[in-house]
Amino acid sequence: MSLIHAQELEKSFGERTLFSGIAFDVFEQDHVGLVGVNGCGKSTLMRMIAGQELHDGRGQLSVSKNASFAMLDQSPNWGSGQTLFDAVLEASGRWMEAERALHEIAAKIEQEGASEALIRRQADLQDRYTSDGGLTYRARTRSTLLGLGFSEEQLESPIFVMSGGQMRKAALAKILMSDADLLLLDEPTNHLDIASLEWLEAYLSAFRGAFVLISHDRYFLDKVCNRIFELENGTLNQFSGNYSQSMEKKMDEREFAMRRYQNTLREIKRIEGIIVQQRRWNQARNFVTIASKEKQIERIKATLVKPEDAPQAIHFNLKADALTANEVIVCKDLSKRFGGQEIFRSMNLMIRRDEKVCLLGANGCGKTTLLKILSNKIEPDSGSYKLGSNVHVGYYEQGTVRPNDPRTVLEALNAMFPRFDTKQLRNMLGSFLFRGDDVFKHMNDLSGGEYARIQLLKLMLGGSNVLFLDEPTNHLDIPSCEALEGALSDYGGTMLIVTHDRYLANRIADRIIIMDEDGMREFEGDWDAYKDFLAESTTPKEKEAPSAKNDYQLSKERKSAFVKAKTAQRKAEERVHAAEAALKALQEEAFDPQIASDFETAKRVYEQLDLQRQVVETCYGEWEHAEAELQALKDTDEE
């Protein structure tokens, strides 16, 4: 069944046409990734699907009336005084309403006695409540919030004191718990660390409904999507498969179309050569041939379509100044606190010349703080750090907050790089997609993506031999990310990159450094090494000092851990079944007309029912935890 049907959609703003002639369908269980360069109209199309924005012209756009949909709101409204858990629990309103109805029926039975109609209504409602997931919605809400990176303590914290990023994650949790048939998700991966990203990937991959999501995270798109819609040059290209598969098909199609176009041009040129030759002979029959060939050319030209050029993307090169130091960065016992919170302590780090190091870790573990210390923006509380001789640092700072700078882009760059004249700067700005009057935009009016491009241009012009990059692919569209990766791959200097972009880490990193509550852990290699770390981190940590272990010992420990996890999972499952059986027995007891008519007995049974429902929820939570630990061990063995 088609959940979304669109035909001949178009949208313009003033004289600018975002897209036209768009047609598509989204069916049940479609997992659609919507991609395209910044400003191509992805969010506009998403709002049109949600009914928040009208399309132009005579096009059609309909969402099935039989399907419920939920959209990730960029600025959700929360009730005052709500805790995080209670705010997200509102998404499960139908189960909460069913609980209230069951309590009301129970109270009515207590007051008026158990009539056949009340007992039948109670039984029907209880069956729907149980079969639809009413017994587990609280446990699932909790596991969703924990999966997205919230702590147990934060679940009971007032939501209005949380940051904008945390509120957006809470809104995402609420959408996931909405039980909608169709999810509309605009950049759902924002503000998620890698552990939360992988949790979301697993959730959406197993999602039985349909979704349309906008993302620039190529790893994420590969994991969760089975179709790709690409807005390009005002049209919509549709592909089956994940992002990487779709782009391969696109390149093949574009190459085939260009080859066919060039072959057609060669055929026209060949026929024109025949016409020239026939005219030289200048005989009556030659004029008949000429007329025939001219008509042939007209027919060919009528069907000739030149393939669209790829959208313009930034292109640039990073060149490093000469660097003589072998030890570029040396940190010894660095510590930093903000207020009463310890960010990190006793941190030791060495980065050598020409290394490309990616720094990964959970949000809030101190990655950005470390870069600011190394850039002399803040001071450590204790310990020391040293940069090698002749080190010239270029710093790409995370964040969308623009400086309070009323100057135009061209004026700001002219002041910062006076060795370049205006023509040179305008040419370089053109390479970063600032063309025409764009160079006269004011710095404090730039969008996040525009400001990110200016930051990259500054790095290019700076000639630094050491780069500190804090989430450099945030706010960049996919073509710009690929241009950045190409420039960084060819860069001859040293890099320390804070990132959650797994494509970037896989393409760039010589070494992965993980920051967590235990300090720093290092891995030679790229993202795959980090995956190994994630698997390792799920096994119990040894309290004693680590010692060298042979393969037999490691194999024995893995088998032991697997047996323990399997046993824990089996016992947790048994507890769930036992708790559900006890709940079912109490429900049957409550539905017994003799008990329902006895006020004291019915009251006691309903009190036991409430307690048993809580036991079932707890057992489900323990079962989910045991399942996750067992799966992590299986994944480790597979790798």
Side-chain angles (χ1 to χ4, degrees), residues 38 312-325 328-329 353-354 356 368 371-372 374-378 387-477 479-498 508:
N38 289 340
Q312 293 177 330
I314 61 173
H315 52 91
F316 65 106
N317 294 310
L318 289 169
K319 295 182 180 179
D321 293 341
L323 181 62
T324 57
V328 177
I329 303 169
R353 183 174 58 196
D354 298 337
K356 295 176 174 62
T368 295
L371 288 192
K372 288 184 176 180
L374 297 178
S375 302
N376 293 319
K377 292 183 177 294
I378 59 176
L387 302 183
S389 60
N390 197 34
V391 165
H392 178 201
V393 172
Y395 181 35
Y396 180 98
E397 190 168 1
Q398 181 186 184
T400 59
V401 178
R402 256 70 68 217
N404 186 17
D405 189 346
R407 294 177 298 179
T408 67
V409 169
L410 189 58
E411 289 170 344
L413 289 176
N414 225 330
M416 189 172 294
F417 302 102
R419 67 181 183 276
F420 297 107
D421 61 33
T422 299
K423 183 178 180 181
Q424 289 174 313
L425 286 176
R426 292 199 68 155
N427 287 337
M428 286 182 280
L429 281 165
S431 297
F432 284 76
L433 309 186
F434 287 90
R435 298 187 171 92
D437 290 341
D438 289 344
V439 301
F440 302 118
K441 288 184 177 180
H442 295 278
M443 291 291 290
N444 47 16
D445 291 334
L446 296 180
S447 68
E450 288 170 334
Y451 186 61
R453 299 203 303 269
I454 291 296
Q455 291 264 68
L456 292 174
L457 176 54
K458 289 179 181 178
L459 285 182
M460 185 186 81
L461 298 178
S464 308
N465 49 29
V466 176
L467 298 181
F468 295 157
L469 308 177
D470 195 356
E471 299 289 0
T473 57
N474 279 5
H475 309 293
L476 295 181
D477 53 31
S480 297
C481 288
E482 292 172 346
L484 173 63
E485 289 166 359
L488 294 180
S489 296
D490 297 335
Y491 177 67
T494 306
M495 288 186 288
L496 177 59
I497 308 173
V498 171
I508 299 300

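We count residues from 1, following the sequence as given.
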### Task
From the options Leu459, Leu469, Leu456, select the one residue that forms a side chain to side chain contact (heavy atoms under 4.5 Å, CB included) with Leu484.
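So the option named by the test is Leu456.
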
### Task
Could you point out which residue of Gln424, Met428, Lys458 forms a side chain to side chain contact (heavy atoms under 4.5 Å, CB included) with Phe417?
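In the set Gln424, Met428, Lys458, the residue that makes a side chain to side chain contact (heavy atoms under 4.5 Å, CB included) with Phe417 is Lys458.
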
Taking [Y]'s backbone N and O only, do any of them form a donor-acceptor pair with [X]'s side chain (distance below 3.5 Å, no angle check)?
{"X": "Glu485", "Y": "Ile508", "answer": "no"}
{"X": "Asn414", "Y": "Leu425", "answer": "no"}
{"X": "Arg435", "Y": "Asn427", "answer": "no"}
{"X": "Asn465", "Y": "Gly493", "answer": "no"}

Measure the [atom1]-[atom2] distance between [X] and [Y] for me, rounded to the nearest 0.5 Å.
{"X": "Asp438", "Y": "Thr408", "atom1": "CG", "atom2": "OG1", "result": "12.0 Å"}
{"X": "Gln455", "Y": "Leu446", "atom1": "CD", "atom2": "CG", "result": "10.5 Å"}
{"X": "Tyr395", "Y": "Lys372", "atom1": "OH", "atom2": "NZ", "result": "5.5 Å"}
{"X": "Asp477", "Y": "Glu482", "atom1": "CG", "atom2": "CD", "result": "9.5 Å"}
{"X": "Arg353", "Y": "Thr494", "atom1": "CZ", "atom2": "OG1", "result": "8.0 Å"}

Do [X] and [Y] come close enough that some side-chain heavy atom pair is under 4.5 Å?
{"X": "His475", "Y": "Tyr451", "answer": "no"}
{"X": "Met443", "Y": "Glu411", "answer": "no"}
{"X": "Val409", "Y": "Ile454", "answer": "yes"}
{"X": "Ile329", "Y": "Leu387", "answer": "yes"}
{"X": "Leu429", "Y": "Leu410", "answer": "yes"}
{"X": "Leu467", "Y": "Tyr396", "answer": "no"}
{"X": "Glu471", "Y": "Val498", "answer": "yes"}

### Task
State which residues pass side-chain hydrogen bond (donor to acceptor under 3.5 Å, both in side chains) with Ser464; sequence neighbours excluded, sorted by chain then number.
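Residues passing side-chain hydrogen bond (donor to acceptor under 3.5 Å, both in side chains) with Ser464: none at all.
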
### Task
State which residues pass side-chain hydrogen bond (donor to acceptor under 3.5 Å, both in side chains) with Lys441; sequence neighbours excluded, sorted by chain then number.
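With sequence neighbours excluded, Lys441 shows a side-chain hydrogen bond (donor to acceptor under 3.5 Å, both in side chains) to Glu450, given in chain and number order.
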
### Query
What's the shortest heavy-atom distance between Pro418 and Ala415, and which atoms?
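Heavy atoms of Pro418 and Ala415 come nearest at CD-O, 3.8 Å.
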
### Message
Could you report the tightest heavy-atom contact between Lys356 and Leu488, atom names first, then the distance?
### Response
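Taking every non-hydrogen atom into account, CE-O, 3.3 Å.
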
### Residues in side-chain contact (heavy atoms from CB on, under 4.5 Å) contact with Asp437, at least two apart in sequence or another chain
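Per chain and number, Asp437 pairs via side-chain contact (heavy atoms from CB on, under 4.5 Å) with Phe440.
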
### Message
Regarding Asp405 and Arg407, does a basic nitrogen lie under 4.0 Å from an acidic carboxylate oxygen?
### Response
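Yes, charged N to carboxylate O under 4.0 Å.
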
